[in-house]
Amino acid sequence: QVQLAESGGGSVQAGGSLRLSCAASGLTYTPGCMGWFRQAAGEEREGLAAMNIGGRTFYTESVMGRFTISRDNAKKILYLEMNSLEPEDSAMYYCAARSLNCYYEKSISSTGFGDWGQGTQVTVSS
């Protein structure tokens, strides 16, 4: 059974940092791409960062320079380091995996991501 388990969310003040983790298990394929997404209440899901099988990383403009995606292949964990957090970053954060490779020039689409975690809540207070 495929499982993507996010952890590391919580409540922080503006300007603070959090590191999210996504532990992958049960995948029957080697992901061509893994990504982080978020969804705030009443908002559409937004792609934040992605990393393809070659290690190339992609970021949406709103988090560029503040968030860093990385992975530990041996532990099968995907990370999202988040710095300089703002109240607007408050949302449920999800990791996702897809079998195909990915390449993004602008926005990070959720198209093709078939496996998703349950999410971890991030709340940033002003």
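Note that the numbering runs from 1 along the sequence shown for the chain.
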So which atom in [X] and which in [Y] form the shortest heavy-atom distance, rounded to 0.1 Å?
{"X": "Arg45", "Y": "Ser110", "answer": "NH2-OG, 3.7 Å"}
{"X": "Leu78", "Y": "Met34", "answer": "CD2-CB, 3.8 Å"}
{"X": "Leu80", "Y": "Ala49", "answer": "CD1-CB, 4.1 Å"}
{"X": "Gly26", "Y": "Val2", "answer": "O-CG2, 3.4 Å"}
{"X": "Gly117", "Y": "Glu6", "answer": "CA-OE2, 3.1 Å"}

Next item on the list: Please step through side chain to side chain contact (heavy atoms under 4.5 Å, CB included) for the pair Phe67 and Leu85, ending with a clear verdict.
Entry: CA-CA 9 Å; Phe67 291 9; Leu85 284 163; 3.9 Å; yes
Could you state whether [X] and [Y] fall into the same hydrophobic cluster, counting links through intermediate Ile, Leu, Val, Met, Phe, Trp or Tyr residues with side-chain heavy atoms under 4.5 angstrom apart?
{"X": "Ile53", "Y": "Leu4", "answer": "no"}
{"X": "Val122", "Y": "Ile77", "answer": "no"}
{"X": "Phe58", "Y": "Leu48", "answer": "no"}
{"X": "Ile108", "Y": "Val63", "answer": "no"}
{"X": "Leu20", "Y": "Val12", "answer": "yes"}

Notebook entry, point to check: Considering residues at least two apart in sequence or located in another chain, which fulfil the side chain to side chain contact (heavy atoms under 4.5 Å, CB included) criterion with Thr57?
Noted result: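 With neighbours one apart ignored, the set is Met51, Tyr59, Ile69.
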Margin query: What I'd like to find out is whether the side chain of Tyr93 reaches to under 4.5 Å of the side chain of Gln39, using heavy atoms alone.
Written below: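 No. Closest side-chain heavy atoms not under 4.5 Å.
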Next item on the list: Quick one: pull up OG in Ser21 and NZ in Lys75 and give me the separation to the nearest 0.5 Å.
Entry: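 Ser21 atom OG to Lys75 atom NZ measures 9.5 Å (nearest 0.5 Å).
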Margin query: Let me confirm one number: the OG-CD distance from Ser70 to Glu81, rounded to the nearest 0.5 Å.
Written below: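 Answer for the OG-CD pair, Ser70 versus Glu81, is 7.5 Å.
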Could you tell me whether a side-chain N or O of [X] sits under 3.5 Å from a main-chain N or O of [Y], the two making a donor and an acceptor?
{"X": "Arg98", "Y": "Leu100", "value": "yes"}
{"X": "Gln121", "Y": "Ala91", "value": "yes"}
{"X": "Ser90", "Y": "Thr123", "value": "no"}

Note to self: Show every disulfide (SG to SG under 2.5 Å) that has at least one partner inside residues 40-119, sequence neighbours left out.
What the structure shows: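 Applying disulfide (SG to SG under 2.5 Å) to every pair that reaches into residues 40-119, excluding sequence neighbours, yields Cys22-Cys95, Cys33-Cys102.
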Note to self: How about CD on Gln118, more than 12 heavy atoms from neighbouring residues, nucleotides or ligands closer than 6.0 Å, or not?
What the structure shows: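 Open: at most 12 neighbouring heavy atoms sit under 6.0 Å from CD of Gln118.
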Next item on the list: Just jot down the side-chain hydrogen bond (donor to acceptor under 3.5 Å, both in side chains) partners of Ser109, sequence neighbours excluded, or say none.
Entry: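 So Ser109 forms a side-chain hydrogen bond (donor to acceptor under 3.5 Å, both in side chains) with Thr111.
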Notebook entry, point to check: With no hydrogens and no angle check, do the side chains of Tyr104 and Asn52 hold a donor and an acceptor under 3.5 Å apart?
Noted result: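 Side chains of Tyr104 and Asn52: no pair found under 3.5 Å.
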Margin query: Test side chain to side chain contact (heavy atoms under 4.5 Å, CB included) on Ser107 and Glu61; report intermediate values, then the result.
Written below: CA-CA 8 Å; Ser107 61; Glu61 188 173 355; over 6 Å; no
Notebook entry, point to check: For Asp89 and Arg66, what are the C-alpha separation, side-chain angles and deciding distance, and is it a salt bridge (Lys or Arg N to Asp or Glu O under 4.0 Å)?
Noted result: CA-CA 11 Å; Asp89 295 315; Arg66 299 190 300 127; 2.7 Å; yes
Margin query: Using the rule given for ring pair (Phe, Tyr, Trp, His ring centres under 6.0 Å), can you reason through Trp116 versus Phe37, listing the C-alpha separation, both sets of side-chain angles and the distance that settles it, and then say yes or no?
Written below: CA-CA 10 Å; Trp116 292 80; Phe37 299 79; 4.8 Å; yes
Next item on the list: Dump the intermediate steps for side chain to side chain contact (heavy atoms under 4.5 Å, CB included) on Glu46 and Thr60, then the final yes or no.
Entry: CA-CA 9 Å; Glu46 176 187 21; Thr60 193; 4.2 Å; yes
Margin query: Would Arg38 and Tyr94 count as a cation-pi pair here, with the cationic atom under 6.0 angstrom from the ring centre and within 45° of the axis?
Written below: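 Not flagged: Arg38 not positioned over aromatic ring of Tyr94.
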